[in-house]
Colleague: 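Have a look at this one before I ask anything.
So that the names make sense, note that chain A is the first sequence line, chain B the second, and so on, each numbered from 1. Note that these values count all heavy atoms, side chains included, but never hydrogens, waters or copies made by symmetry.
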Amino acid sequence: MSFHRQMTGKDEIILRRAAQEVQQGQTINLGIGLPTMLPIFLPATIDVMFHAENGCLGMGKPVDNGTPDYPVIDAGGRACHLVSGAACFDSVLSFTIVRGGRLDLVILGAFEVAINGDLANWTIPGKSTPGMGGGMEVAQKAKRVMVLSHHLDKNGRAKLAEKCSLPLTAPGCVDTLITEQAVFRRQNGRLTLVSLHPDTTLEIATSPFDFKVPVAQKLETWRA
Amino acid sequence: MSFHRQMTGKDEIILRRAAQEVQQGQTINLGIGLPTMLPIFLPATIDVMFHAENGCLGMGKPVDNGTPDYPVIDAGGRACHLVSGAACFDSVLSFTIVRGGRLDLVILGAFEVAINGDLANWTIPGKSTPGMGGGMEVAQKAKRVMVLSHHLDKNGRAKLAEKCSLPLTAPGCVDTLITEQAVFRRQNGRLTLVSLHPDTTLEIATSPFDFKVPVAQKLETWRA
Amino acid sequence: MPHKIKNIAEAVTAYIRSGQSMMVGGFGRGGVPFSIIDYLADHPEQYKGLILYKNDANEPDLGIGRLLKNRQVKHLYTTHIGLNPAFIAQMNAGEIACTLTPQGIFAEKIRAGGAGIPAFLSDIGLHTSYAKGKEKMTLDGQNYILERAYHADVAIICADMVDQKGNCWWQGSNRNMCVAMGTACDHVIVEAKEIVDTGRLQPENIHLPGVFVSAVVRAEPRRHQQEAAA
Amino acid sequence: MPHKIKNIAEAVTAYIRSGQSMMVGGFGRGGVPFSIIDYLADHPEQYKGLILYKNDANEPDLGIGRLLKNRQVKHLYTTHIGLNPAFIAQMNAGEIACTLTPQGIFAEKIRAGGAGIPAFLSDIGLHTSYAKGKEKMTLDGQNYILERAYHADVAIICADMVDQKGNCWWQGSNRNMCVAMGTACDHVIVEAKEIVDTGRLQPENIHLPGVFVSAVVRAEPRRHQQEAAA
């Protein structure tokens, strides 16, 4: 199996901004899709350990010409190298790490994110139910959940909604949402716009919302 | 820690008889004390695997001059070799083996055994409570529980009682009791005398009991 | 002790029947017993009505994807089916039952089955549709789902190195669900990529002791690899 | 990533306080962090009122036997104390609380604490005095004990080979309770018999990944061994 994806300009903006949120020494789980490409954008000075649900801590770079039969794959099925100090284990220990709260950061994609931090990313009933995989557990138990998403979906609707219409992966779990236009952080229980990409304005970024999005009094400078 | 014990003539009779009960290919757990000495009496043609609660399958001969600091000890603290094909693991997997019902045979000592198969071997309240260790689990979950015991305790009372007076390790678990005088097997829910050592008689062997011990219609020849 | 090595037909005939519950190792391709599955898929009339436990649904013509396509499976317990659109269509059409469980809870339920633990408490998915209809329990004022153990008649798993006693070792991320499944079934058939002499695996590094294993079979060259090479 | 190697005083000062709950690895002598325990026993005024979890009570002047003798422990959770008559006397005199649990359930409760499982069902000891006063539950007509997870502030364990990231490997039967304890505590101090360079342990053979480990200290020559040699 594989979840390869061509990177767009928007993707790159999101990934560069997300890389700024990563801290030295963290244990990080990357969801399928966009998050998988984050490591490319991390500076060489950052030393973190990537966790994969299928049973590795210390996932490294993708293997050139790696096949899905390669003995180390990430949770998306991509052949990967291991870094020095990596450990391999079984699914049971892998989720002991997850449910034991050992993940400092998990970076996920989303179908929908609600203003209160609710996350929906595992089923669109009647249409597509890929399954929750390890998503419920990482979303519920990681110390910090960051969602990477385009500001608008394919139909031009904002990914950040007042309320999720789809079944939840986990309630109130999203701490940070990064789109190509803005960064939202959960403050007082609500995702609050705290930073704008230089190419957009507050009016443009908030115009797709049919509800009032909280905006920080003083915006952070966009980092990338 | 160590539970060394000098072997007496009675011990040897019990162990030689017990060795006859072991079957090719079995996975066996040996309790502290007398049972630990069983392997000495097994013929070389018998190929079995000994399980130790602390985390080995495939315990072999004791190490000459082995200290308690030796990296492989049995559950009684004795330094041991591993046989070819042995596996070492942690306490959690060790008891997955036990509770999963993978032990074909467990051989234990006892304070008391009741005629219905009840076993008491972990506490004499107010006097001695060494603790149950792994005893409750092996007694409750092994496919077959065999107790090795002197026919009489130090005070001349029969080890096999109508009812246990001490707190139980597990109810109705004892399938076989071997003493230096007799073999008892549980038949129709009651430990039944099925074989007598040539040096004793039914009258002598049953005289210490203040209750009627079931006796098989046809006694088995004593094997050793 | 007689060694446990058998050929695939012997092992399957001895331990697998129509209507049985069967756990199948693997996450993606690692740990999947492709040769045993191909044998089952090549004999669809003899092995049907199976209840499967498998992390994911593989791809339509690969691994359990073949069993699903042949309609040899009546119920699939899994965590992720995103990669098998043919199966999703079958499921949406009501032709097959499918139970989705969060991946770590899926692993934990299997492990519990192996460890003699009939059920455990968990808060995973408690405030989601996953929790609907599930038994709940309150402990110290917190609400939990009572998760029951999984146990099956037979497990088929693939390991990288296996000795004649059935001791198993896995490379990289190939271990995944295989160890837990190997403890949770009445019989376990291990497909070995490499069979090594007993004693070659270091005792401390054995991932699944042979005591859990009924039979060891040799992995055959993989059909999809042969086709890719052709 | 900064390495985790500290000296014993640093690690103990950083992570251990009077009144804390502490899991201590080991079964017999294997896996027992003797150097860390000796440090605690040498500072009885600074480390007291401890709640200990340990498979067995060691011997009177060895390992946690020293902490018990110094009366630094207020409660011992364990499975076997048969070898420490001094402790048995203390317990019988009511000077220390002691909770005895069947060994596999003891291990399983610790593991559950590490795995985010608050409680599980078990039938071990159900028809014995062990079950008295414990919460019960019925499932499918069967009665079970509800066993609660153990979790502690700190674990001290001893491993045979440890790298700078805290990845651990154990020889022979030394692993015992150490892995489960290493997952079930807020902080874990590993006493290493040998510290090896990161990358030397094969990833597949690591028994406890370093993510669980707060600090690694070097095992000192053992006091009782020195005395025995003198």
Colleague: Tell me whether the count of non-hydrogen atoms from other residues, nucleotides or ligands lying under 6.0 Å of NZ in C:K74 goes above 12.
Modeller: no
Colleague: Would the number of heavy atoms belonging to other residues, nucleotides or ligands and lying under 6.0 Å from CZ of D:R148 be above 12?
Modeller: yes
Colleague: Nearest heavy-atom pair of C:N205 and D:N205: which atoms, and what distance?
Modeller: ND2-ND2, 3.1 Å
Colleague: Tell me, side chain or backbone of D:I117 under 4.5 Å from chain C's heavy atoms, or both, or neither?
Modeller: both
Colleague: Under 4.5 Å between any side-chain heavy atoms of C:R111 and D:R111, yes or no?
Modeller: yes
Colleague: Measure D:W170 against the heavy atoms of chain C and call it side chain, backbone, both or neither at under 4.5 Å.
Modeller: backbone
Colleague: Report yes if the side chains of C:L121 and D:L121 come closer than 4.5 Å at any heavy-atom pair, otherwise no.
Modeller: no
Colleague: Tell me, side chain or backbone of D:E135 under 4.5 Å from chain C's heavy atoms, or both, or neither?
Modeller: side chain
Colleague: Output the option from D:L139, D:I206, D:N174 having the highest count of non-hydrogen pairs under 4.5 Å with chain C.
Modeller: D:L139
Colleague: Non-hydrogen atoms of chain C under 4.5 Å away: do they reach the side chain of D:E108, the backbone, both or neither?
Modeller: side chain
Colleague: For C:Q142, which atoms come within 4.5 Å of any heavy atom of chain D: side chain, backbone, both, or neither?
Modeller: neither
Colleague: Checking heavy atoms, do the side chain of D:I124, its backbone, both or neither come under 4.5 Å from chain C?
Modeller: neither
Colleague: Can you check whether C:G172's main-chain N or O pairs, donor with acceptor, with D:E204's side chain at less than 3.5 Å?
Modeller: yes
Colleague: Is it the case that more than 12 heavy atoms not belonging to C:K134 sit under 6.0 Å from its NZ atom?
Modeller: yes
